[in-house]
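Report on one structure; see the data block that follows.
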There are 2 protein chains.
Amino acid sequence: MSKKTPGKIWIGESCPIRQVLDRFGDKWSILIIELLSHEGKMRFSEIAHTIGDISQKMLTVTLRSLESDGLIIRQFYPEIPPRVEYELSDLGRSLVPHIQQLTNWGQEHMGKIMQNRKRFEEKQQRKP
Amino acid sequence: MSKKTPGKIWIGESCPIRQVLDRFGDKWSILIIELLSHEGKMRFSEIAHTIGDISQKMLTVTLRSLESDGLIIRQFYPEIPPRVEYELSDLGRSLVPHIQQLTNWGQEHMGKIMQNRKRFEEKQQRKP
DNA sequence: CCGCATCCTTTGAGATACTG
DNA sequence: CAGTATCTCAAAGGATGCGG
């Protein structure tokens, strides 16, 4: 549509895109939101086990940051041994469809991307 | 909808979500795609200047990786001085709407998130 | 069971200087 | 102008051990 609209898009230091990227560009946040959207309430150890390759530290850190931003809700049961459950808040849930859009796009196009990448590498190796 | 559908979602080491995250979770890829979607063809220095705080190195690296994956097209004009133009490929363009979905979500909700975060921090400081 | 604290490794990314 | 090549540093993330 628009070929040149200078000044109309702001890509500078704290533009809207970067805010989103800064918040969700880490390794685990999106993954945990997506997981909770499918599984509903989950315990700490349940999340850890389902993801598989996340360290306890990063799970703690990521859950805490999601909680602090109001994206998930943390329920602590002071039993012995203690039990903690996490679930998405309304705010967190409102993000889920957009994540799934991206995932769908990936399902459809990542194969092609990997293929392109391989070809590109081969081309580079023949030239120099 | 579904409260528990164990086994139906795969969140393991190279599930679809992680593929997308690995590809686009870096600091600059999404930003450059979004920029090119608004401005059309752009020269190297034009991109650098518009973004403002990207180093020459990271711009080169990011553009090269986007090119290798077939998300952007690189046109080299062997003049003196040389000129290089970048634009989105069809593949790259197909991602744009989803990025904009996320940006819109951000516009609408990041304020609330920052507010939540501030409150959470205050709460933490009163307790311990 | 949950999660904090500490230490350590790895990675991402900036600064700088140099080429076609 | 549009890169490439090093060097360096800060931050993300992992491993481990302790504590409520």
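Residue numbers start from 1 in every chain, and the chains themselves are labelled A, B, ... in the order their sequence lines are given, proteins ahead of strands.
Tracing side-chain contacts under 4.5 Å through hydrophobic residues (I, L, V, M, F, W, Y), one never reaches F44(B) starting from I73(B); they form parts of separate clusters. F24(A) and Y86(A) fall within the same hydrophobic cluster, where Ile, Leu, Val, Met, Phe, Trp and Tyr residues are linked whenever their side-chain heavy atoms come under 4.5 Å apart, directly or through other members.
Annotation: side-chain hydrogen bond (donor to acceptor under 3.5 Å, both in side chains) contacts of E79(B) (sequence neighbours excluded): R83(B). Residues forming a side-chain hydrogen bond (donor to acceptor under 3.5 Å, both in side chains) with D69(A) (at least two apart in sequence, or on another chain): R23(A), R117(B). Take W105(B) and apply the side-chain hydrogen bond (donor to acceptor under 3.5 Å, both in side chains) test, not counting sequence neighbours, and it matches S94(A).
The main-chain N or O of S37(A) is never found under 3.5 Å from a side-chain atom of R93(A) such that the two would form a donor-acceptor pair. R74(B) contributes no side-chain N or O that, together with a main-chain N or O of E85(B), makes up a donor-acceptor pair within less than 3.5 Å.
A salt bridge links R64(A) with E67(A): at least one charged nitrogen is closer than 4.0 Å to a carboxylate oxygen.
A straight line from CG of L59(A) to P of dA15(D) spans 14 Å, rounded to a whole angstrom. One can place CD1 of I54(A) at 14 Å from P of dC2(C), the figure rounded to the nearest angstrom. Rounded to an integer number of Å, the gap from E67(B) CD to dA2(D) P is 14 Å. M58(A) places its CE atom 17 Å from the P atom of dT16(D), with the value rounded to the nearest Å. The NE2 atom of H49(A) sits 15 Å away from the C1' atom of dC1(C) (whole-angstrom rounding). F44(B) has its CZ atom 6 Å from the C1' atom of dA2(D), to the nearest Å. What separates CD1 of I47(B) from C1' of dG3(D) is a distance of 13 Å, to the nearest Å. Rounded to an integer number of Å, the gap from CZ of R64(B) to P of dG12(C) is 18 Å.
Taking a 4.0 Å limit (strictly below) on heavy-atom distances, residues 71-83 of chain A reaches DNA chain D at P82(A). Residues from residues 21-35 of chain A with heavy atoms under 4.0 angstrom of DNA chain D, sorted by number: K27(A), W28(A).
Across its full length, the helix from dC1(C)-dG20(D) to dG20(C)-dC1(D) shows an angle of 40° between the axes of its 5 terminal pairs at either end, rounded to 10 degrees.
G92(B) and I33(B) get closest at one heavy-atom pair: O-CG2, 4.2 Å. Contact record, I11(B) with R18(B): O-NH2, 3.0 Å, taken as the closest heavy-atom pair. Nearest heavy-atom pair across L102(B) and V20(A) is O-CG2, 3.9 Å.
OP1 or OP2 of dC2(C) has at least one side-chain nitrogen or oxygen of S45(A) nearer than 4.0 Å.
Of the candidate nucleotides dG14(D), dG3(C), dA2(D), dG14(D) has the atom lying nearest to any side-chain atom of S55(A). For Q56(B), the listed nucleotide lying nearest its side chain is dG3(D); candidates were dC1(C), dG3(D), dG17(D). Comparing dG14(D), dC2(C), dA2(D) against the side chain of R43(A) picks out dC2(C) as the nearest.
Residue Y86(A) is the one, among K57(A) and Y86(A), whose nearest nucleotide of DNA chain C lies closer to the 5' end (criterion: closest heavy atom).
Here the OG atom belonging to S89(B) is positioned 5.5 Å from the CG atom belonging to L71(B), to the nearest 0.5 angstrom.
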